[in-house]
Amino acid sequence: MASYQHNNLLVTLLFLVMMLTTFSAATAAGNISGQRQAELHNLLIQDCGSCHGMTMKGGLGPALTVDVLKNKPRKMIEVTISLGRPGTPMPPWNKILSKEEIRWIVDALYSGVSL
Amino acid sequence: MMAFIKVVLLTTFAAVMVGCSSTNLRGTGDLGVVIERASGSVQIVETTNRTVLSRVTGLGDLSHASVVYSRDERYAYIFGRDGGLTKIDILTSKIVKRIIQSGNSIGGAISQNGKQVAVSNYQPGGVKIFDSNTLELVADIPATYGSANKQSKVVGLVDAPGQRFVFSLYDADEIWLADLSSGKPVITKYKNIGRQPYDGLITPDGRYYIAGLFGEDGLVVLDLWHPKKGVKRILDNYGRGSKKMPVYKMPHLEGWAMTEDYAFLPAVGRNTVLVVNRHNWKHLMSIPVHGQPVFVMARPDGRQVWVNFAYPRNDTVQVIDTEKMEIIKVLKPGKAVLHMEFTPRGEQVWVSARDAGKITVYDTENFNSITTLPMNKPSGIFFTHRAHRIGL
């Protein structure tokens, strides 16, 4: 019973986090200028694409297509982009991109990237 | 009268056309291919008058695409990210044949005798070897490793003298030597060479295969004159050091600059170019540069070394004088400089700037920009003289 409640709490928390993420992403996109969004799109396709493929089907880095991502929590992807993945070539981007910009990229990945 | 004039005009026109087709005979030694990575196309260029001759489209995902040439310098083999292998006739600008040979590939090589083209694949991991004439499969070498029979991503594939190919297994920490002199691949495996070999190169004389390690500091050397002696570790200070630096773009080893006495290499994740004694592989000095180096390339005469950089400092090229060991020129070819290619004897260098959408051609003596050519997201530049260089 305790564990059930615990799980419930986790689900609620996760839901809240997701809501917050979605909400802040929506406002984040609003704060990013059109020109900057175009730059981020280019960064995603071209520079992330160097390792993940321009169509996000993978390369040295894993595939990041909508199909692959639908089973992965957004927060994990956001944290990976921010902090990198130790032991792999994935670098931390939080020194280069703002939180809002990283969320914009996560949004773009989950909604599907096109050239 | 009008009819007569028409006939005369038409005859003259036909004669001119015939005349043209005979004067259009040309060699290919001054030709090259520029990858337009986002549109799945290439531009065929010539370096004598520095013009674009034509464009070939329909080549798939060309992120990280590379090219090797047939030994007659007429055909370009283009390796695409999506597993596509395309053979292009650069004289007629036509696709001769195109196959999808895997799900995800990273590069290729052509054999010493020009008869085989090898492709290194990420998915499924391994090397496939094709007849260079027909693109029919000659050999399939899955990069299977460990007790679970997993397949590793393959990187750093090069050709070596003796109808051999050498490559590294990124996930398996192995180097494999495939000897095709008997017609069938005979594989020698070097295991536990060091963690995550991420790229490899062969010295211009074809003797040493060198793999860079991402998972630890240092490089691995295989002496192809004495392959039974196994691999040797060098430059244990090469790499990111105890405090791991983030790497925003993997350096490319193929571009390693070798002069008579020195090798110039990109440090991994650090804003330096390392100078190494080519004879004993000892580190001599480090030259501070603008950003994390990606390509470090020597002008063919070895007098200069040109360097480009990783995101976000990738709008710049620096030139190092190999006698003074210092930077003598800083150039700004535009946003996202991805590649540089020297003409066969090095009087010009072509530099691609992806986000600026252009190639800039520089005079390597006075560093003046000679011309610029608009291109759609240009990346790799490959001139035909690569056909006659080991490892390219």
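Labels below follow one simple rule: chain letters A, B, ... track the order of the sequence lines, proteins then strands, and each chain is numbered from 1.
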query: In Å and rounded to the nearest 0.5 Å, what is the CE to OG distance from B:M250 to A:S50?
result: 11.5 Å
query: Rounded to the nearest 0.5 Å, what separation is found between the CD1 atom of A:I45 and the NZ atom of B:K377?
result: 9.5 Å
Which pair of heavy atoms, one from [X] and one from [Y], lies closest together, and at what distance?
X      : Y     : value
B:R354 : A:D47 : NH2-OD2, 3.0 Å
A:Q46  : B:A38 : NE2-CB, 3.8 Å
B:P246 : A:P92 : CB-CD, 3.3 Å

message: Can a donor-acceptor pair be found, under 3.5 Å and without considering hydrogens, that links the side chain of B:N104 to the backbone of A:G58?
response: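 Checking the backbone N and O of A:G58 against the side chain of B:N104, a donor-acceptor pair under 3.5 Å is found.
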field: A:P89 vs B:Y198 side-chain heavy atoms within contact, under 4.5 Å
entry: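 No, too far: nothing below the 4.5 Å cut-off.
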Engaged part of [X] at the chain A interface, taking heavy atoms whose separation is under 4.5 Å:
X      : result
B:D82  : neither
B:L338 : neither
B:Y170 : side chain

- request: Under 4.5 Å, heavy atom to heavy atom: which of residues 59-69 of chain A reach chain B? Give them by number, or say none.
  value: A:G59, A:L60
message: Tell me which of these, B:K249, B:R195, B:H64, B:K153, has more heavy-atom pairs under 4.5 Å with chain A than the rest.
response: B:K153
query: Does B:K332 NZ have over 12 foreign heavy atoms under 6.0 Å away?
result: yes
- prompt: Does atom CZ of A:R85 have more than 12 heavy-atom neighbours from other groups under 6.0 Å away?
  reply: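 Incorrect, the count does not exceed 12.
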message: With side chain to side chain contact (heavy atoms under 4.5 Å, CB included) as the criterion, how do B:R37 and A:M54 come out once you've worked through the C-alpha distance, each side chain's angles and the decisive distance to 0.1 Å?
response: CA-CA 9 Å; B:R37 70 202 296 270; A:M54 283 189 299; 3.8 Å; yes
task: Mind telling me whether B:Y248 and A:W93 have parallel, tilted or perpendicular rings, with 30° and 60° as the class edges?
output: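 Rings of A:W93 and B:Y248: perpendicular, over 60°.
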